[in-house]
Amino acid sequence: MVYKKVYLDNSATTKVAPEAAKEMQKAMSVIYGNPSSIHLFGDAAKALMENARESIAKEINAEPYEIIFTSGGTEADNLAIKGIVEASGKKHIITSKIEHPAVLESCKALEKKGCKITYIPVNRDGLVDPQKIEEAITDDTAIVTIMHANNEIGTIQPIEEIGKICSKFNVPFHTDTVQSFTKIPIDVKKMNLSAASLSAHKIHGPKGIGALYLRKGVKIAKQMHGGHHEYDKRAGTENVPGIVGFSAAATLPKKTEKIQKLRDYLIKELLKIPDAHLNGLKSNRLCNNVNVRFYGIEGESLLMHLSLAGIAVSTGSACSSQSLEPSHVLLALGLKHEEAHGSIRITLSRYTTKAEIDYALKHIRNAVAKLRKISPLVNSRLSRKK
Ligand SMILES: Cc1ncc(COP(=O)(O)O)c(C=O)c1O
């Protein structure tokens, strides 16, 4: 019987903050004009939208006209990669092995059109070596795209260093900041970014809205054709309710320290379970991310046990949860297939409480003990020891 619900899958999506919902309600029922209309209803909607654009730009030290609203992080990644490559006329892309499918599949689509992709490996902690990026850059490199923080293991990449290298070689640098935005300070100027992808639903905003930061002067080929919206870089009537919800969520007071404290407590308690291992680094990871594996246990079985107790965690990214393949991110760290299959991701939010973490811990301990009793791996190890 489910008697409590604990949501610990905040890297998949988050609850909409009441502050965001309130702004959205206003944009749906009071200020509902089309921002492209030139009458008073349109003007009011445009004012709301431009205020939101300004607030979001400010959060990353960008200019408002450098923010292009999209339908989310996936579209922002597609627009940045396909758009910059197409506009450059060059054919080489540098990315990493642990990117989100929105990046990897965009690269694969371009590969089919004749582009060459260099996939930079990561070390056991999930870190990219900037030196390897420098070595991979050629005269034909159209873009370097390396994510800021990984969605599965939370590893934070040395973006400033990579930005410096790209700037030295005058190669556009795109980063996916979908998971890091509002959790790690982002300064597009200091980081030498040409483009950055953002999404609202990971930060307590609504689904179906995001943005691409595109530095002034960076050439991009439009991927969505139609009207002249968004500085003629992305056609389609803007999702004003989504945009104001996005802005309200992006400007909520930060809760990084509180979340990180709870995360550290959770990691400490989980690692007390025998043969439990943390995937990725303890430090240098997103404040809300825990990714652990327990010897001899299938992540899926653990997830189902927890779900029966009302607890939501995941075994990887939401986008690949339907696939039986082990996570490409965990394999890239050098984990064996069974280790990758034995991992779960627990992601916290600003609303997560200590009582919820204690409730989850109690059920994780019980489920691990139960599942190990019927684990062929654990049993064969025990019989070898006898
Ligand atoms: C790192 C990363 N990039 C891109 C996306 C896609 O964002 P959206 O769901 O807004 O399309 C996600 C979502 O899981 C993500 O974690």
Side-chain angles (χ1 to χ4, degrees), residues 7-16 20 56 60 67-83 95-109 122 126-128 143 145-157 159 174-184 186 193 195-213 223-224 234 236 238-239 241-243 245-247 249-250 280 285-291 312-323 327-330 332 345-349:
Y7 186 72
L8 294 172
D9 195 14
N10 288 282
S11 278
T13 197
T14 55
K15 169 171 118 175
V16 172
I56 292 167
I60 57 171
I67 301 294
I68 303 164
F69 287 116
T70 63
S71 63
T74 300
E75 191 193 331
D77 284 340
N78 273 263
L79 175 59
I81 298 167
K82 294 175 183 169
T95 188
S96 85
K97 285 193 171 171
I98 62 163
E99 298 297 310
H100 187 271
V103 167
L104 291 176
E105 293 299 319
S106 294
C107 291
K108 273 193 202 156
V122 292
L127 284 171
V128 162
I143 192 169
T145 171
I146 302 285
M147 72 201 314
H148 190 192
N150 185 266
N151 47 302
E152 292 189 39
I153 52 169
T155 316
I156 301 163
Q157 301 297 344
I159 291 300
H174 165 252
T175 186
D176 178 324
T177 64
V178 166
Q179 293 290 345
S180 58
F181 183 43
T182 72
K183 297 187 189 81
I184 311 170
I186 296 170
L193 301 181
S197 303
L198 310 167
S199 177
H201 75 103
K202 311 287 187 182
I203 62 163
H204 303 289
K207 293 165 186 61
I209 183 71
L212 181 69
Y213 154 75
Q223 300 297 308
M224 187 76 86
R234 194 272 186 186
E238 289 91 347
N239 170 2
I243 289 169
F246 184 12
S247 157
R285 77 190 290 143
L286 280 176
C287 62
N288 71 330
N289 176 289
V290 178
N291 192 313
V313 300
S314 80
T315 50
S317 79
C319 301
S320 42
S321 60
Q322 306 294 320
S323 143
S327 144
H328 70 286
V329 175
L330 298 178
R345 178 184 74 177
I346 307 171
T347 45
L348 286 58
S349 85

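For this chain, numbers begin at 1 and follow the sequence in order. Order of appearance sets the numbers: ligands from 1, and atoms from 1 within every ligand.
Atoms of ligand 1 found under 4.0 Å from any heavy atom of Gly72 (numbered from 1 in listed order, with element): 10 (O). Close contacts between ligand 1 and Met147 involve ligand atoms 1 (C) [criterion: under 4.0 Å to a heavy atom]. Annotation for ligand 1: atoms under 4.0 Å from non-hydrogen atoms of Asn151 are 1 (C), 16 (O). Within ligand 1, the atoms closer than 4.0 Å to a non-hydrogen atom of Gln179 are 1 (C), 15 (C), 16 (O), numbered from 1 in the order shown. Each of the following atoms of ligand 1 lies closer than 4.0 Å to a heavy atom of Asp77: 3 (N), 4 (C). Interface of Ser199 with ligand 1, defined as ligand atoms under 4.0 Å from a residue heavy atom, comprises 8 (P), 10 (O). Counting the atoms of ligand 1 from 1 in the order shown, those under 4.0 Å from a heavy atom of Thr74 are 6 (C), 7 (O), 8 (P), 11 (O). Listed by atom number, the atoms of ligand 1 under 4.0 Å from His201 heavy atoms are 8 (P), 9 (O), 10 (O).
Distance OG/Ser327 to CD1/Ile153: 8.0 Å, rounded to 0.5 Å. Rounding to the nearest 0.5 angstrom, the gap separating the CG atom in Asn289 from the OG1 atom in Thr155 is 7.5 Å. Atom-to-atom distance recorded for Asn288:CG and Arg345:CZ is 9.0 Å, nearest 0.5 angstrom.
If you run side chain to side chain donor-acceptor pair (under 3.5 Å) between Ser106 and each of Asp77, Thr74, Asn78, only Asn78 comes through.
When atom types are taken as modelled, the side chain of Asn150 and the backbone of Gly126 share no donor-acceptor pair closer than 3.5 angstrom. Lys202 places a side-chain N or O within donor-acceptor distance of the main-chain N or O of Ala12, the cut-off being under 3.5 Å.
With no hydrogens or angles considered, no side-chain donor-acceptor pair links Lys15 and Ser349 at under 3.5 Å. Using a 3.5 Å distance cut-off with no hydrogens or angles, the side chains of His148 and Thr177 do not pair a donor with an acceptor.
With a 4.0 Å heavy-atom cut-off, ligand 1 is reached by the side chain of Val178 but not by its N, CA, C or O.
Within the 4.0 Å heavy-atom cutoff, Lys202 counts among the residues contacting ligand 1.
Every N/O-N/O distance between Ala102 and ligand 1 stays at or above 3.5 Å.
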